[in-house]
Undergrad: 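I am attaching a structure below and will ask some questions about it afterwards.
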Amino acid sequence: LTLNREGQQRLRRRSFEQQSHFTPQEGRGGLRPPLWPSRLCASEETMRVALPMISFHSNEGGKSDRIMAVDCHPMIEDGGVVTFATVGGGGEGDVRVWSVRMNHEEVDGEKSAIPRFCGSLTKGHPPTSVNCCRFAPDGARLASAGDRGAVCVWRGEADAGFWRRCEENTVERSNLPHADDVYDVAWHKTEDLLATGAVDGSVNVWHVSAKRLLKTIRDHTHYIQGVAFDTTGTKLATASADRSVRVYDLDVGVFSPNKGPPQGKKTKPSSKVDLSLSQPTVLRHWKASGAKDDDDHQGHHQGHHQGHPEGPHGGDDDVPRGEGLLPGEGDDEEAKGRARPHDRQRCLFAGELQYSGFFRRLAFVPRVASSSCPVGDDEPSPSPEDDILIAPSASARDAKAEETSRFGAVAFATADLSVGPVAYLPGPDGPAACVRVLPTSLSGARYFAVCFQHAVCVYRSDGDHPATPVALVRGLHRAALNDVAWARDASLLIVASSDGYLSLVKFKPGELGDLPE
């Protein structure tokens, strides 16, 4: 892949090693409205892209089938060995573990960045699509979820080498049953909690060790396509095909020994955890100047699931929302005409007519105090006020925006969600499907990748700006992209596609920034 100075791509498939040009951002701005555009310019910096022709998952006919998710183990071993897991939609029902060496050198004539199959985890899912896989922050567990409500938690050791020998080692499995197909999962950063989102509109929060369901949320009216905990575990965000994102404040408590568990149920010592949620902050509309959005009121969400005015599939971008109408009244033109003036606002997120992807995987990006933070200093302690929420599948505020910038992703400051988006990240070819954050800070900044329909953009987030674009990769696959995953040392970005292949975007040491000492 090569990009010329106008940002156009030319695709060549002559070798595994290909190049693309960096595209750093012009100018800077502060974390405040009005929205800033993501502009890309030219540079001579290069990064390498590997396109291994490997059938990572196959369907019944032996043909490569779509890869639904990919995730890297948090440990990087000596020699730059990255361990990662993939799941597919071909009905095999297994989780496959791979490894790739990222030392940028040849060993015994073998090129680096060629994935090697290590083993598979089987007999956990029925022979249907597996839609998501995520390693726990400690690396000792792997959660996978798929169709027919199957959620599996695989238990091993924190060492990445254990997972590369998963077929030889004993991997324990526990099942957390869901009522319907599950599209996304998220681990809590500090507690033994797992959030799962299903197509029946429900979000479950589990205590994993106790196999106990702590909370079920049923505020959305359509598929749940993304769930995420913030960096401190005090917030939970959910994204749905009903064109809204809901953010909850979490309070994780411990049962009193005198009172015992709720409802008189007996629990194991490890399950003495209780969870309470606030009323959600609903993110649904671009805010008109001086307008008041009823969705921001605490508790207003209770009326949405009783009768969504657009129906489950959403409506046009510029029709009155009719949030104040009675259930069922919003489907006719007369009811739309009775909508309050401030209800005529443009939707933040694309509907199913504009975005037909499986996922809306959102993420919280921890911010640092300043981009000038000296390398080697202790990293600032994260706080919920410092997080930036990046939500995909967004639509531009201007209905007449150019075709190349009509859809993308939006950024919110969690310190005050009521002000609306603080940045809009336009996509080069349609709405974004997922957001993944690099687990480590580089040179005092955080990096995250936004996966669009056929492109991936890498952004830098620091104390000066929430999202500065630094790299763009596009034109690698023949089908839509579903997921991306970072190696912890920023040496590798893995891109998963529905065409059944992976792209490996390789960064040289220090190319994005220096790791903390």
Undergrad: Got a donor-acceptor contact below 3.5 angstrom from the Ser497 side chain to the Ala480 backbone?
TA: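 Side chain of Ser497 to backbone of Ala480: a pair is present.
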Undergrad: So which atom in Ala432 and which in Ala409 form the shortest heavy-atom distance, rounded to 0.1 Å?
TA: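 Reported closest heavy-atom pair: CB-CB, 4.2 Å.
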Undergrad: Looking only at atom types and distance, does a side-chain atom of His207 sit under 3.5 Å from a main-chain N or O of Leu214, one as donor and one as acceptor?
TA: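 Answer holds: no.
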Undergrad: When you measure from the side chain of Tyr447 to the backbone of Leu512, do you find a donor-acceptor pair of N or O atoms at a distance under 3.5 Å?
TA: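 Confirmed, Tyr447 side chain pairs with Leu512 backbone.
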Undergrad: Taking the side chain as every heavy atom from C-beta outward, state whether Arg155 and Val208 have any pair of such atoms under 4.5 Å apart.
TA: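 The answer is yes, as the side chains (C-beta and beyond) meet within the 4.5 Å cut-off.
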Undergrad: Do Thr196 and Val227 come within less than 4.5 Å of each other through their side chains, counting heavy atoms only?
TA: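 SC-SC contact between Thr196 and Val227 ruled out.
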Undergrad: Exactly one of His220, Gln225, Arg246, Arg360 should register a side chain to side chain donor-acceptor pair (under 3.5 Å) with Thr238. Which one does?
TA: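 In the set His220, Gln225, Arg246, Arg360, the residue that makes a side chain to side chain donor-acceptor pair (under 3.5 Å) with Thr238 is His220.
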Undergrad: Indicate yes or no for a side-chain donor-acceptor contact from Ser443 to the backbone of Asp514 under 3.5 Å, with no hydrogens or angles considered.
TA: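 Confirmed, Ser443 side chain pairs with Asp514 backbone.
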Undergrad: Walk me through whether His188 and Thr190 qualify under side-chain contact (heavy atoms from CB on, under 4.5 Å).
TA: CA-CA 6 Å; His188 194 278; Thr190 57; 3.1 Å; yes
Undergrad: Is any side-chain heavy atom of Thr221 closer than 4.5 Å to one of Ser240?
TA: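 SC-SC contact between Ser240 and Thr221 ruled out.
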Undergrad: Quick check: do Ile54 and Trp98 have side-chain heavy atoms less than 4.5 Å from each other?
TA: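 They are in side-chain contact.
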Undergrad: Looking only at atom types and distance, does a side-chain atom of Ser498 sit under 3.5 Å from a main-chain N or O of Arg66, one as donor and one as acceptor?
TA: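 A pair under 3.5 Å: no.
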Undergrad: Show, in sequence, the C-alpha distance, side-chain angles and deciding distance for Phe359 and Asp184, and conclude whether the side-chain contact (heavy atoms from CB on, under 4.5 Å) test is met.
TA: CA-CA 8 Å; Phe359 311 111; Asp184 200 20; 5.7 Å; no
Undergrad: Where do Gly408 and Phe452 come nearest, in terms of heavy atoms and distance?
TA: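 Nearest pair, atom of Gly408 first, then Phe452: CA-CE2, 3.8 Å.
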Undergrad: With a 4.5 Å limit on heavy-atom distance, are the side chains of Val473 and Val495 in contact?
TA: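 No; the side chains remain at least 4.5 Å from each other.
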Undergrad: Would you say the side-chain atoms of Asn131 pair up with the backbone N or O of Val182, donor to acceptor, closer than 3.5 Å?
TA: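 It does hold such a pair.
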Undergrad: Quick one: pull up CZ in Phe507 and CG in Leu442 and give me the separation to the nearest 0.5 Å.
TA: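 These two atoms lie 10.0 Å from each other.
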Undergrad: I need the single residue from Asp94, Val130, Val171 that forms a side-chain contact (heavy atoms from CB on, under 4.5 Å) with Leu121. Which is it?
TA: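 It is Val171, the one option of Asp94, Val130, Val171 that forms the side-chain contact (heavy atoms from CB on, under 4.5 Å) with Leu121.
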Undergrad: Walk me through it: do Ile494 and Thr86 pass the test side-chain contact (heavy atoms from CB on, under 4.5 Å)?
TA: CA-CA 11 Å; Ile494 306 176; Thr86 61; over 6 Å; no
Undergrad: Can you give me the closest heavy-atom contact between Val70 and Ala496, atom names plus distance?
TA: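 So the minimum-distance heavy-atom pair works out to CG1-CB, 4.0 Å.
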Undergrad: Measure from the side-chain N and O atoms of Ser461 to the backbone N and O of Pro466, and report whether any donor-acceptor pair falls under 3.5 Å.
TA: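 Confirmed, Ser461 side chain pairs with Pro466 backbone.
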Undergrad: Do Asn482 side-chain atoms and Phe358 backbone N/O form a donor-acceptor pair below 3.5 Å?
TA: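 A pair under 3.5 Å: no.
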Undergrad: Between Asp219 and Tyr248, does the side-chain contact (heavy atoms from CB on, under 4.5 Å) criterion hold? Intermediate values first, please.
TA: CA-CA 11 Å; Asp219 292 335; Tyr248 302 82; 2.6 Å; yes
Undergrad: Are any of the side-chain nitrogens in Arg436 or Asp483 under 4.0 Å away from the carboxylate oxygens of its partner?
TA: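 A salt bridge links Arg436 with Asp483.
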Undergrad: Quick check: closest heavy atoms across Ala363 and Val435, and the distance to 0.1 Å?
TA: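 The pair with the smallest heavy-atom distance is CB-O, 3.5 Å.
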Undergrad: Do the side chains of Phe56 and Arg96 get nearer than 4.5 Å, heavy atoms only?
TA: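 They are not in side-chain contact.
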Undergrad: Verify the ring-centre separation between Phe135 and Trp163: is it less than 6.0 angstrom?
TA: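 Yes: the rings meet the under 6.0 Å criterion.
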Undergrad: If you measure from OG on Ser395 to CD on Gln354, what distance do you get to the nearest 0.5 Å?
TA: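 Between atom OG of Ser395 and atom CD of Gln354 there are 7.0 Å.
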Undergrad: Does Leu51 reach the side chain of Tyr501, with side-chain heavy atoms less than 4.5 Å apart?
TA: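 The answer is no; the side chains never approach within 4.5 Å.
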Undergrad: For the residue pair Lys506 and Leu492, establish whether any side-chain heavy-atom pair is separated by less than 4.5 Å.
TA: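 Yes, their side chains come closer than 4.5 Å.
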Undergrad: Look only at the side chain of Tyr424 and the backbone of Phe407, and say whether a donor-acceptor pair between them is shorter than 3.5 Å.
TA: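 A pair under 3.5 Å: yes.
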Undergrad: To the nearest 0.5 Å, tell me how far Ser129 OG sits from His57 NE2.
TA: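 It comes to 10.0 Å.
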Undergrad: Kindly compute the distance separating CZ (Arg218) from OG (Ser202), expressed to the nearest 0.5 Å.
TA: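 OG of Ser202 is found 4.5 Å from CZ of Arg218.
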Undergrad: Parallel, tilted or perpendicular for Phe349 and Phe412, by the 30°/60° rule?
TA: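 Ring orientation of Phe349 relative to Phe412: tilted.
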Undergrad: Can you tell me how far NZ of Lys189 sits from CZ of Phe229, rounded to the nearest 0.5 angstrom?
TA: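 The CZ atom of Phe229 sits 8.0 Å away from the NZ atom of Lys189.
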Undergrad: Within the side chain of Asp230, is there an N or O that forms a donor-acceptor pair under 3.5 Å with the backbone of Lys235?
TA: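 Answer holds: yes.
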Undergrad: Is the closest basic N to carboxylate O distance between Asp462 and Arg446 below 4.0 Å?
TA: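 No, this pair does not count.
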Undergrad: At their closest point, which heavy atom of Ala391 faces which heavy atom of Leu362, and how far apart are they?
TA: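 Reported closest heavy-atom pair: CA-CB, 4.1 Å.
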Undergrad: OG/Ser278 to CG/Asp251 distance, rounded to the nearest 0.5 angstrom?
TA: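 Atom-to-atom, Ser278:OG and Asp251:CG are 10.0 Å apart.
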Undergrad: List the atom of Arg460, the atom of Ala445, and the distance in Å for their closest heavy-atom pair.
TA: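 Looking at all heavy atoms of both residues, the closest pair is CZ-CB, 3.4 Å.
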